[in-house]
Amino acid sequence: MSAAAADMPPSRDTSVRGLVRRFGPTAVLDGLDLDVPAGAFIALLGRSGSGKTTLLRTLAGLDVAEQGSVELPARRAVVFQEPRLLPWKRVWQNVALGLPAADARAHAEQALREVELAHRMDAWPLTLSGGEAQRAGLARALVRDPDLLLLDEPFAALDALTRLRMQALVAGLWARHGMSALLVTHDVDEALLLADHAVELQHGRIGLRLRIDLPRPRRHADARFAALRSELLTALGIAAEEAA
Amino acid sequence: MSDRTSALALPGGRSHPLSAIRGLVPRLWPLPVGLRRAITPLAILVLWQAGSSLGYIPSRTVAAPIAILAAARDLLVSGALLHHLTVSLLRVIAGLSIAIVVGTTLALAAGLSRLGEDLIDSTLQMVRTLPFLALVPLFILWFGIGETPKIALVALGAMFPIYLNLFAGIRGADPKLLEAASTLGLSRAALIRHVVLPAALPNALTGLRYAAGIAWLSLVVGEQINADSGIGYLMMDARDFLRTDIIMVGLGVYALLGLLSDQAVRALERRTLAWRPAARVGR
């Protein structure tokens with residue numbers, strides 16, 4: 001596949017084939033296949049220990065699989081569950097970290113404006129609220145103009161109201177930038193709010209793939225939202241029973 | 001009520017756990033906290049002066065406070081104090097500088113590479129257990145009785161806290177931050193510069209604070225052996241003439257220098273660690 005890439009623009013698709021990753025005797029990823037077409041938003045569900053985070057870390061380049069092949073867009077960015085800002089660098093310096101020095105501040109400011117945090121660009125990270133810090137983390141990912149945005153439960157540690165605002169923010173940013181996104185989450189509602197596809201990891205493979213065909217922006221109150229929600233929950237429940 | 005609360009509050013603004021109990025005690029002392037805290041030392045000074053003036057405390061045991069002040073003034077006027085102070089200060093600066101350079105170099109080598117750790121860390125951990133002041137006889141044999149053994153003693157003693165704290169700080173850098181920074185495409189050198197070293201800085205400064213304390217301690221020992229200048233020499237010389245007043249001046253100067261160097265490092269911490277919430281600076 002990669003041989004053909006010589007005279008083509010680098011692919012913005014993500015494709016994972018036969019991925020295997022073991023920790024000791026247990027295979028956390030066991031021959032996993034996954035496609036994230038350019039521009040798609042995929043939510044990755046699954047129980048704790050189902051390999052969601054391992055898969056995301058593999059795509060982020062933080063973990064090395066033992067077998068299988070991974071094709072990735074060159075520009076990727078990660079938002080973690082904790083903001084992981086360097087406390088000794090001001091917010092804008094965190095966002096600009098790793099960028100070419102010229103115009104770094106201007107780029108950082110632009111990204112911070114997109115997450116409505118430009119007014120805190122000179123603040124120390126430890127003075128930010130949880131939601132602000134997470135938005136700074138999001139800006140740090142955005143400023144790299146990624147083709148693939150990897151989100152590792154980025155809203156899990158936030159309070160309910162902040163989480164709703166962050167979800168709306170991410171939905172807007174994704175729609176505007178057209179990057180692909182892979183969101184690891186425990187939250188079915190979150191998957192339904194944001195993703196085109198909900199994918200469930202099970203025994204180290206994709207167990208279930210559900211297309212979420214709702215108009216955007218999505219609302220919890222939508223009747224079709226409730227219907228899809230129960231469909232997804234049922235599917236996950238049945239899947240869980242089969243697993244037992 | 002409000003002035004009572006403020007009288008009970010500590011300078012840091014936190015309320016003291018005992019304040020509830022103290023509130024029950026009748027308020028006999030309508031004085032500010034600062035003054036109340038000065039009562040005991042002042043009372044000791046008055047009793048000390050009275051005991052000396054009345055002949056209960058012989059001056060060969062310890063000089064009277066007024067005599068100590070007079071000695072300090074004489075030493076200042078004659079220029080002797082400034083001379084010896086300068087000599088001592090230069091020894092500490094030289095020793096501490098060597099300690100900083102060597103300790104930092106070793107800690108970087110051991111902290112940033114496995115090979116460096118294997119070559120350096122266990123050896124230094126062994127040497128560290130030696131009471132380094134016991135090396136004085138050897139140092140005199142090796143370096144003679146000039147400036148070298150004194151500076152070497154300061155450097156050796158001050159090097160360990162710098163090495164140990166910086167090494168621990170480098171190894172203690174939060175792996176989650178390192179991971180996050182590595183997803184930003186930073187090279188190894190950039191990771192060290194932007195993540196590892198800043199993460200280690202609070203530890204390094206704690207090490208520097210300990211090092212400054214140990215530097216003065218080493219100097220006290222070093223200057224009492226074969227010195228012909230320095231605060232320690234001033235005190236040893238005074239001992240030969242039973243001048244307890246001068247000995248007390250020397251003690252006071254040592255205390256003041258220790259305090260000043262500690263304050264200097266704390267000021268450095270406040271400047272370089274401005275990102276930390278205020279309450280944690282200097283802990």
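In what follows, chains carry the letters A, B, and so on, assigned in the order in which the sequence lines appear, proteins first and then strands, with residues in each chain numbered from 1.
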Give a yes or no on whether the backbone of [Y] and the side-chain of [X] come within a donor-acceptor separation of less than 3.5 Å.
{"X": "A/S180", "Y": "A/V36", "answer": "no"}
{"X": "A/D13", "Y": "A/A38", "answer": "yes"}
{"X": "B/T183", "Y": "B/A180", "answer": "yes"}
{"X": "A/Q134", "Y": "A/F80", "answer": "yes"}

Sort by residue number and list every residue of residues 95-103 of chain A having at least one heavy atom under 4.5 Å from chain B. A/L97, A/G98

For residues 157-173 of chain A, give me every residue with a non-hydrogen atom less than 4.5 Å from any non-hydrogen atom of chain B. none

Under 4.5 Å from a heavy atom of chain A, the part of B/L184 involved: both

I need the minimum non-hydrogen distance between [X] and [Y], along with the two atoms involved.
{"X": "A/A60", "Y": "A/V78", "value": "CB-CG2, 3.6 Å"}
{"X": "A/D196", "Y": "A/G39", "value": "OD2-O, 4.3 Å"}
{"X": "B/P161", "Y": "B/Y210", "value": "CB-CB, 3.8 Å"}

Run the side chain to side chain contact (heavy atoms under 4.5 Å, CB included) check on B/L90 and B/I151 step by step: do they pass? CA-CA 9 Å; B/L90 287 177; B/I151 292 172; over 6 Å; no

Where does A/R84 contact chain B at under 4.5 Å (heavy atoms): side chain, backbone, both or neither? both

A/Q93 portion near chain B, given a 4.5 angstrom heavy-atom threshold: neither

In terms of side-chain geometry, is the basic nitrogen of [X] or [Y] positioned less than 4.0 Å from the acidic oxygen of its partner?
{"X": "A/E109", "Y": "A/R105", "answer": "no"}
{"X": "B/E117", "Y": "B/R114", "answer": "yes"}
{"X": "B/E223", "Y": "B/K150", "answer": "no"}

With no hydrogens and no angle check, do the side chains of B/R128 and B/Q125 hold a donor and an acceptor under 3.5 Å apart? yes

Based on non-hydrogen pairs under 4.5 Å, which of A/R140, A/R90, A/R76 is most in contact with chain B? A/R140

Largest heavy-atom contact set with chain A, pairs under 4.5 Å, which of B/G185, B/S187, B/S182, B/A199: B/A199

